[in-house]
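These numbers were taken from a predicted model, which means no experiment stands behind them. Throughout, residue positions are numbered sequentially from 1 according to the sequence presented.
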Amino acid sequence: MASQKGIALILGAGSNIGQALSKTFSQAGYKVALVSRSAKEQPSDNQIHIAADLAKPETIPSIFESVRQKLGADPNVVVYNAAALTVPSDVTNPFTIDVAAFESDVRMMNTSAYVAARESVAGFERLDKALSKVFIYTGNWLNAVTMPDPRFVTLGSGKSAAASWIGTASMHYKDKGYGFYFADERTPEGIPIGDGISGPAHAEVYLQLAEGQVEVPWHATFVAGKGLVDFPQTRKA
């Protein structure tokens with residue numbers, strides 16, 4: 001059976017954000033399902049590990065089925081935390097990215113996330129109305145700001161594509177109480193965090209979003225140590 005808080009499914013459970021999310025949601029009373037390419041099964045009543053390649057959208061429905069079978073219910077909190085970046089062979093030319101790699105990156109960051117959101121909503125419809133129901137996508141400011149650096153072409157393409165339908169879903173499902181968020185960590189000045197991504201900061205904000213503790217735009221910007229901070233000039237409305 002699921003816990004009273006429900007089940008948090010983390011797609012893309014790496015050592016930074018994924019690990020922090022697992023710890024925070026477990027401590028908050030959720031059962032947790034962690035998905036990564038190299039996941040190893042560790043039997044537990046409250047946590048499962050599922051191996052999957054998130055660049056393959058066709059694998060997503062089976063992940064949700066595994067959660068139902070192993071944890072007893074659909075996830076009511078789904079975090080899509082996968083990303084990919086292929087650098088152009090000529091870093092001065094954005095059109096020197098291998099097409100197969102470009103498509104793989106976009107599948108991981110957009111198509112698979114779209115399928116995961118679709119599966120999430122199908123599960124939300126089956127769950128107890130008392131449970132919070134939230135889909136959170138780990139984004140960045142490439143959704144709202146164009147970068148001149150060709151190295152970020154696939155990352156920006158995938159993230160900004162997903163942001164489009166996340167914004168639509170946030171409005172479409174508002175009356176049902178389903179939350180859709182594109183979460184974007186920034187520096188205190190509101191610029192990209194770069195390599196300094198804080199797993200604990202993500203976990204703190206994601207739990208607040210999951211439990212409806214805050215009222216924020218679907219493009220939710222935040223700063224480590226400060227929590228949610230709005231930067232309206234560099235976020236999608």
So does [X] have more than 12 non-hydrogen atoms from other groups sitting under 6.0 Å from [atom1]?
X    : atom1 : value
Q19  : CD    : no
Y114 : OH    : no
R151 : CZ    : no

In residues 88-95, what donor-acceptor pairs under 3.5 Å come from side-chain atoms, sequence neighbours left out?
{"unit_1": "S89", "atom_1": "OG", "unit_2": "T96", "atom_2": "O", "d": "3.0"}
{"unit_1": "D90", "atom_1": "OD1", "unit_2": "T92", "atom_2": "N", "d": "3.0"}
{"unit_1": "D90", "atom_1": "OD1", "unit_2": "T92", "atom_2": "OG1", "d": "2.7"}
{"unit_1": "D90", "atom_1": "OD2", "unit_2": "T92", "atom_2": "OG1", "d": "3.3"}
{"unit_1": "N93", "atom_1": "OD1", "unit_2": "F95", "atom_2": "N", "d": "2.9"}

In residues 165-175, what donor-acceptor pairs under 3.5 Å come from side-chain atoms, sequence neighbours left out?
{"unit_1": "W165", "atom_1": "NE1", "unit_2": "N110", "atom_2": "OD1", "d": "2.8"}
{"unit_1": "T168", "atom_1": "OG1", "unit_2": "S164", "atom_2": "O", "d": "3.2"}
{"unit_1": "S170", "atom_1": "OG", "unit_2": "G167", "atom_2": "O", "d": "2.7"}

Criterion side-chain hydrogen bond (donor to acceptor under 3.5 Å, both in side chains) on T86 and D105, from CA distance to verdict: CA-CA 7 Å; T86 298; D105 287 1; 2.8 Å; yes

Evaluate Y30 against E211 for side-chain hydrogen bond (donor to acceptor under 3.5 Å, both in side chains), listing each step before the verdict. CA-CA 11 Å; Y30 291 81; E211 300 193 338; 3.0 Å; yes

So which heavy atom on [X] is nearest to which on [Y], and how close?
X    : Y    : value
A83  : L155 : CB-CD1, 4.3 Å
I50  : V67  : CD1-CG2, 4.1 Å
A144 : K236 : CB-N, 3.8 Å
D230 : T221 : CA-OG1, 3.6 Å

Using the six-membered ring wherever Trp is involved, compare the ring planes of F135 and Y80 and label them parallel, tilted or perpendicular (cut-offs 30° and 60°).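 Ring orientation, 0 to 90° scale: parallel.
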
